[in-house]
Number of protein chains: 4
Amino acid sequence: MSRPHHGNRHGRSEAARQAVLEAADDLLAEKGFAGVTIEGIAARAGVAKQTVYRWWKSKTEVLVEAFLQDLAQELTPPDHGDLSLDLRAYLRLLARFLGETDSGAVFRALIAQAQLDPAFAADFRERYLAEQRRRDRLPLERAVRRGELPVTLDLDEATDRLVGPLYYRTLVTDQPAGGEFTDRLAEAFLASLEP
Amino acid sequence: MSRPHHGNRHGRSEAARQAVLEAADDLLAEKGFAGVTIEGIAARAGVAKQTVYRWWKSKTEVLVEAFLQDLAQELTPPDHGDLSLDLRAYLRLLARFLGETDSGAVFRALIAQAQLDPAFAADFRERYLAEQRRRDRLPLERAVRRGELPVTLDLDEATDRLVGPLYYRTLVTDQPAGGEFTDRLAEAFLASLEP
Amino acid sequence: MSRPHHGNRHGRSEAARQAVLEAADDLLAEKGFAGVTIEGIAARAGVAKQTVYRWWKSKTEVLVEAFLQDLAQELTPPDHGDLSLDLRAYLRLLARFLGETDSGAVFRALIAQAQLDPAFAADFRERYLAEQRRRDRLPLERAVRRGELPVTLDLDEATDRLVGPLYYRTLVTDQPAGGEFTDRLAEAFLASLEP
Amino acid sequence: MSRPHHGNRHGRSEAARQAVLEAADDLLAEKGFAGVTIEGIAARAGVAKQTVYRWWKSKTEVLVEAFLQDLAQELTPPDHGDLSLDLRAYLRLLARFLGETDSGAVFRALIAQAQLDPAFAADFRERYLAEQRRRDRLPLERAVRRGELPVTLDLDEATDRLVGPLYYRTLVTDQPAGGEFTDRLAEAFLASLEP
DNA sequence: CCGTAAACGAGACGGTACGTCTTGTCTTTTC
DNA sequence: GAAAAGACAAGACGTACCGTCTCGTTTACGG
């Protein structure tokens with residue numbers, strides 16, 4: 001036996017955890033969501049299958065943990081102190097994330113999984129989408145605080161109208177969403193708020 | 001003709017085709033998308049597995065055929081000759097379809113499947129989503145023809161901004177999208193077009 | 001895919017059956033009883049695991065079928081028309097089989113398995129030991145027919161006393177049972193029948 | 001000393017040893033030999049798996065220690081000063097032990113295990129079977145000393161012929177071996193020694 | 001009387017094999 | 001030539017134990 005064991009009374013092996021998450025990451029990039037299997041993850045990570053099952057319920061759980069931890073860092077909305085600038089910048093950031101990064105690909109896969117598995121959907125929405133939702137509405141909240149937007153504005157629905165078209169393009173029509181598109185989306189959004 | 005036939009020199013068995021589609025329908029209702037398997041469809045339909053494979057490539061294809069053949073009838077946008085009325089009515093229709101009907105549930109499952117399987121995605125977008133897209137923009141096209149909207153309007157992007165938030169609510173946040181929501185969505189959309 | 005499939009509506013694949021039995025045979029010879037696994041058999045035979053499970057309940061069942069079919073040929077008791085000669089010859093044959101042949105090794109392993117698994121024990125005793133038992137008592141039956149032994153003799157118990165010591169040596173004490181031993185066993189057996 | 005101790009610089013914990021042996025006892029009674037696992041023993045005994053491994057090599061070793069330590073007491077051959085009486089009594093004792101007691105069941109399981117595992121076989125035969133063998137031949141040795149049997153008698157082979165049929169019935173054919181059977185076996189054995 | 005070493009409980013680890021399930025291919029027989 | 005029936009190779013599923021290892025605690029001896 002070449003590799004040492006690292007059993008330990010006080011909690012799990014961080015090395016094994018990281019190996020699993022990285023293996024899941026790699027496999028997703030290589031073979032796509034359907035090509036990821038728990039057996040494959042374990043084999044790639046050099047880890048026993050049981051070790052995966054000990055800590056995660058399904059491959060989806062692994063992928064959730066593997067990829068969505070980066071969401072916060074990658075997607076913190078900028079704060080320029082100006083609504084129009086903020087929206088433009090954030091929509092560009094979000095568009096790039098959803099459409100061009102590996103994490104975005106996983107994000108899409110997880111949302112897809114949520115359509116197919118109601119139990120997962122509830123868990124995923126509670127643990128991760130809620131947080132993402134908070135980021136999505138943050139630029140608007142700041143603008144209300146600055147007085148750029150009226151406090152009477154329904155921020156939930158406004159957020160839907162702001163980012164909804166972008167998610168729609170990415171998930172449903174699969175058309176590219178470049179900077180021009182997001183800039184015009186921001187403009188139209190602002191125009192709809194004019195009196 | 002009391003006995004089922006078992007083969008036929010002249011083309012496929014319509015009885016088998018119908019049995020497959022109905023079995024797929026039933027199974028989806030009973031167990032959800034993930035619970036549908038080709039094996040299960042064949043067993044339920046009283047049909048050989050090979051018969052399913054002969055005519056469809058995957059369970060997704062069966063479901064596509066089973067549920068989306070009558071999309072057009074359910075979702076034809078009404079024409080009242082007035083943009084505001086048309087939008088309100090159509091968004092309500094679309095919201096009800098996506099959120100409350102069985103066909104809508106399948107539609108969501110298929111969009112999800114498209115995230116996971118690129119080959120299917122291409123086929124699905126070409127054969128079905130394109131058509132749906134045409135229906136989604138139809139009210140706007142009519143308005144341009146009637147002169148209610150300028151011919152310079154980018155209809156594609158306008159459609160994104162119109163229906164995107166609705167799809168987003170349904171697919172991503174899974175919040176209810178009632179008539180008030182869609183009415184306000186139509187209003188905001190129209191407001192964003194004002195000079 | 002290189003190998004052709006051999007699915008068939010009516011009945012099993014003889015090729016698959018033979019491959020499994022031969023693989024089991026090889027593995028037993030190479031690694032011993034404990035080293036034989038269904039996974040190993042399937043892999044060695046180039047067969048799917050499910051194909052093994054379809055036709056056999058356990059590795060023991062495979063080994064039973066693989067090896068005990070030869071029993072009849074190897075162990076048919078000779079008929080010299082003389083009880084003393086027959087017994088001497090048959091005990092030598094049986095001693096050699098139990099102690100020195102591969103089939104004998106499997107036979108011992110299966111009797112061992114019967115101690116550990118009551119369900120298997122019942123099946124094994126019914127299908128195979130009964131037949132072996134018939135062979136074991138055949139020399140005595142012939143002698144009764146020839147008038148060399150009284151018809152009042154309890155053949156069952158006589159058989160126990162004849163072959164019991166030989167099985168005991170093989171299974172329990174693991175001492176060699178050569179020709180001298182079996183010859184003396186035959187003599188003692190005959191002596192116990194004298195009036 | 002109310003609290004159980006959890007370690008000790010010099011020597012093992014007698015409490016842990018007893019708990020393991022009793023757990024093995026219980027599990028064997030409940031689930032049979034194949035159902036006993038080291039993991040199960042440790043869990044049932046409230047002991048760490050490593051504690052079992054520290055002191056025993058395998059579950060078989062545990063069972064050996066759990067059941068066979070008092071073999072001697074249960075199976076000491078009686079001494080009536082008369083060969084015929086002694087044989088009858090001892091064969092009945094042995095038959096009851098092999099066929100009807102828990103210890104006998106374990107004994108059979110261990111003989112079975114010896115067929116499957118050569119390393120265990122050597123150890124088991126040396127440590128336990130040799131002793132049992134001595135008990136088996138004791139009645140004959142006494143008779144030789146008393147002058148009831150000639151000193152030229154090969155006691156080893158005589159013992160084989162005496163107890164062999166009984167082990168054979170128990171291990172191989174699994175037929176009941178009641179008092180009539182063992183009595184007739186003793187008679188036939190004695191008859192075979194007549195001049 | 002304090003340090004230290006053995007044995008302990010707990011349990012995570014890398015593994016192997018289990019028996020089940022579904023997939024998509026292939027063959028035979030029936031109509 | 002389509003359909004029913006179903007065997008087949010392939011391989012993932014989730015579970016049960018294996019035997020090894022580390023951790024922190026308990027205990028008793030020995031300097």
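Numbers restart at 1 for each chain; the letters A, B, ... are given by sequence-line order, proteins then strands.
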Listed partners of [X] passing side-chain hydrogen bond (donor to acceptor under 3.5 Å, both in side chains), at least two apart:
{"X": "C:K59", "result": "none"}
{"X": "C:E30", "result": "C:R44"}
{"X": "B:R54", "result": "none"}

Give me the atom names and distance for the closest heavy-atom approach of [X] to [Y].
{"X": "D:I41", "Y": "D:A23", "value": "O-CB, 3.7 Å"}
{"X": "C:A45", "Y": "C:A19", "value": "CB-O, 3.5 Å"}
{"X": "C:L28", "Y": "C:V106", "value": "CD2-CG2, 3.0 Å"}

Point to revise | Contacts of A:F120 that satisfy ring pair (Phe, Tyr, Trp, His ring centres under 6.0 Å) - sequence neighbours left out | key: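 For A:F120, the residues satisfying ring pair (Phe, Tyr, Trp, His ring centres under 6.0 Å) (neighbours in sequence not counted) are A:F124.
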
Review point. Within the structure, does a side-chain N or O atom of B:R54 lie under 4.0 Å from either OP1 or OP2 of F:dA2?
Key: no

Atom [atom1] of [X] and atom [atom2] of [N]: how far apart are they, to the nearest Å?
{"X": "B:W55", "N": "F:dG1", "atom1": "CH2", "atom2": "P", "answer": "12 Å"}
{"X": "C:R17", "N": "F:dC8", "atom1": "CZ", "atom2": "P", "answer": "12 Å"}
{"X": "B:E61", "N": "E:dT23", "atom1": "CD", "atom2": "C1'", "answer": "16 Å"}
{"X": "A:Y53", "N": "E:dT16", "atom1": "OH", "atom2": "C1'", "answer": "15 Å"}
{"X": "B:W56", "N": "E:dT23", "atom1": "CH2", "atom2": "P", "answer": "15 Å"}
{"X": "D:Q50", "N": "F:dG19", "atom1": "CD", "atom2": "P", "answer": "11 Å"}

Exercise for review: Assess A:R12 against A:W55: is NZ or CZ under 6.0 Å from the centre of the six-membered ring, and within 45 degrees of the ring's axis?
Suggested key: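 Judged by the rule (NZ or CZ under 6.0 Å from the ring centre, within 45° of its axis), A:R12 counts as positioned above A:W55.
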
Check your understanding: Starting at the 5' end of DNA chain F, which residue's closest nucleotide do you reach first, B:A48 or D:K59?
Key ->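 Its nearest nucleotide lies further toward 5', so the answer is B:A48.
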
Practice item. Name the residue closer to the 5' end of DNA chain F, choosing between B:T51 and A:S58 according to the nucleotide with the nearest heavy atom. Key: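 Of the two residues, B:T51 wins.
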
Revision key, fill the gap. Nearest-nucleotide check on DNA chain E, B:K57 vs A:E14; residue mapping nearer the 5' end is A:E14

Practice item. Take A:I38 and A:W56 through the test side chain to side chain contact (heavy atoms under 4.5 Å, CB included) and record every step on the way to the result. Key: CA-CA 10 Å; A:I38 291 205; A:W56 293 276; over 6 Å; no

Check your understanding: Do A:K49 and E:dG15 share a donor-acceptor pair, side chain to base, under 3.5 Å?
Key ->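 Checked by distance alone, the answer is no.
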
Review point. Can you list, by residue number, the residues of residues 26-47 of chain D that have a non-hydrogen atom closer than 4.0 angstrom to DNA chain F?
Key: D:T37, D:I38, D:E39

Check your understanding: Just how large is the angle between the end axes of the helix from E:dC1-F:dG31 to E:dC31-F:dG1, five pairs per end, to 10 degrees?
Key -> 10°

